[in-house]
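Below is one structure, written out as structure tokens; comments come after it.
The structure displayed is predicted, hence computed values, not measured ones.
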Amino acid sequence: MSSPVSSSQAGIEEDLTFRPRFDASGLVTCVATDATTGDVLMVAHMNEEALRRTVETGDAWYYSRSRKALWRKGESSGQVQRVVEMRTDCDQDAIWIKVEQRGAACHTGRRSCFYRAVTKGENGEACVRFVDADRLFDPAEVYKKS
């Protein structure tokens, strides 16, 4: 990985140099999808170290903005993500990883973090309803503090 050095948009879009563009906080958005079904599992952030470790190990690593800490997916829950393929978008400011997800991707115990559908209600307002919301594990049990 190298810092974005090309001033040419065509260079960024067409050359084969991996130059992730981190935001002002040093993060890049990462979308994780199921490698088999294509379902979106989660959206998280990576800093330079998380991205490097993901490439090196084949396990998904992220940076928690709330905890301000690096973490490997599944290190406390056992719900590991093994990276099958990694892609970057045209201007290299987003990462997409296709993963083999062991268990649930969401810390709520659900297969995906996207378990609520937003629809238009009777009065035209946005309403939320549960979809694919079955829990694969009990978060209170998995994340209990010793």
Report all side-chain donor-acceptor pairs from residues 69-78 shorter than 3.5 Å, counting only partners two or more places apart or in another chain.
residue, atom, partner, partner atom, Å
K73, NZ, A105, O, 2.5
E75, OE2, R72, N, 3.3
S77, OG, Q79, N, 3.1

> Yes or no on side-chain contact (heavy atoms from CB on, under 4.5 Å) for T29 and I95, after CA distance, side-chain angles and deciding distance?
Replying inline: CA-CA 6 Å; T29 302; I95 302 293; over 6 Å; no
> Are V84 and V80 linked, directly or through other ILVMFWY residues, by side chains that come within less than 4.5 angstrom of each other?
Replying inline: no
> Roughly how far, to the nearest 0.5 Å, is CZ of R21 from OG1 of T88?
Replying inline: 10.0 Å
> Got a sec, which residues hit side-chain contact (heavy atoms from CB on, under 4.5 Å) with E85, two or more places apart in sequence or on another chain?
Replying inline: R87, K98
> Is V43 close to C30 at the side-chain level, that is, under 4.5 Å between some pair of heavy atoms?
Replying inline: no
> What closest approach, in Å, do C106 and F137 show between heavy atoms, and which atom pair accounts for it?
Replying inline: O-CZ, 3.7 Å
> Would a 4.5 Å heavy-atom cut-off, applied to side chains only, mark H45 and F22 as touching?
Replying inline: no
>> Counting C-beta onward and ignoring hydrogens, is there a side-chain heavy-atom pair between Y143 and H107 closer than 4.5 Å?
In response: yes
> What distance separates R65 CZ from N47 CG, expressed to the nearest 0.5 Å?
Replying inline: 12.5 Å
> Any side-chain heavy atom of T54 within less than 4.5 Å of one from V83?
Replying inline: yes
>> So, taking the atom named OG1 in T36 and the one named CG in D34, what distance separates them when rounded to the nearest 0.5 Å?
In response: 5.0 Å
> Excluding sequence neighbours, so at least two apart, what forms salt bridge (charged side-chain N to carboxylate O under 4.0 Å, His left out) with E141?
Replying inline: K144
> Can you list every pair that meets salt bridge (charged side-chain N to carboxylate O under 4.0 Å, His left out) and has a residue in residues 36-45, with sequence neighbours left out?
Replying inline: D39-R111
> Does D93 reach the side chain of D23, with side-chain heavy atoms less than 4.5 Å apart?
Replying inline: no
> Going by an N to O cut-off under 4.0 Å, is there a salt bridge joining R52 and E48?
Replying inline: no
>> Do R102 and R82 make a side-chain contact, defined as non-hydrogen atoms from C-beta onward lying under 4.5 Å apart?
In response: no
> What heavy-atom pair brings M42 and A44 nearest, and what distance separates the two atoms?
Replying inline: CE-CB, 3.8 Å
> After noting the C-alpha distance and the side-chain angles of E13 and Q92, does the key distance pass the side-chain contact (heavy atoms from CB on, under 4.5 Å) rule?
Replying inline: CA-CA 8 Å; E13 294 171 353; Q92 298 198 42; over 6 Å; no
> Do R110 and T108 have side-chain N/O donor and acceptor atoms under 3.5 Å apart?
Replying inline: yes
> Can you list the other members of the hydrophobic cluster that holds Y63, where links are side-chain heavy atoms under 4.5 angstrom apart?
Replying inline: L27
>> Quick check: do W61 and M46 have side-chain heavy atoms less than 4.5 Å from each other?
In response: no
Indicate every side-chain donor-acceptor pair of residues 116-132 with a distance under 3.5 Å to a residue at least two apart or in another chain.
residue, atom, partner, partner atom, Å
E125, OE1, N123, N, 3.1

> Closest approach of A60 and I97, non-hydrogen atoms and distance?
Replying inline: CB-CD1, 3.9 Å
> How many angstroms lie between atom OH of Y115 and atom CZ of R135, to the nearest 0.5 angstrom?
Replying inline: 7.0 Å
> With the 4.5 Å side-chain cut-off for hydrophobic clustering, are V31 and F114 part of the same group?
Replying inline: yes
>> So, taking the atom named CG in L51 and the one named CD in E56, what distance separates them when rounded to the nearest 0.5 Å?
In response: 10.0 Å
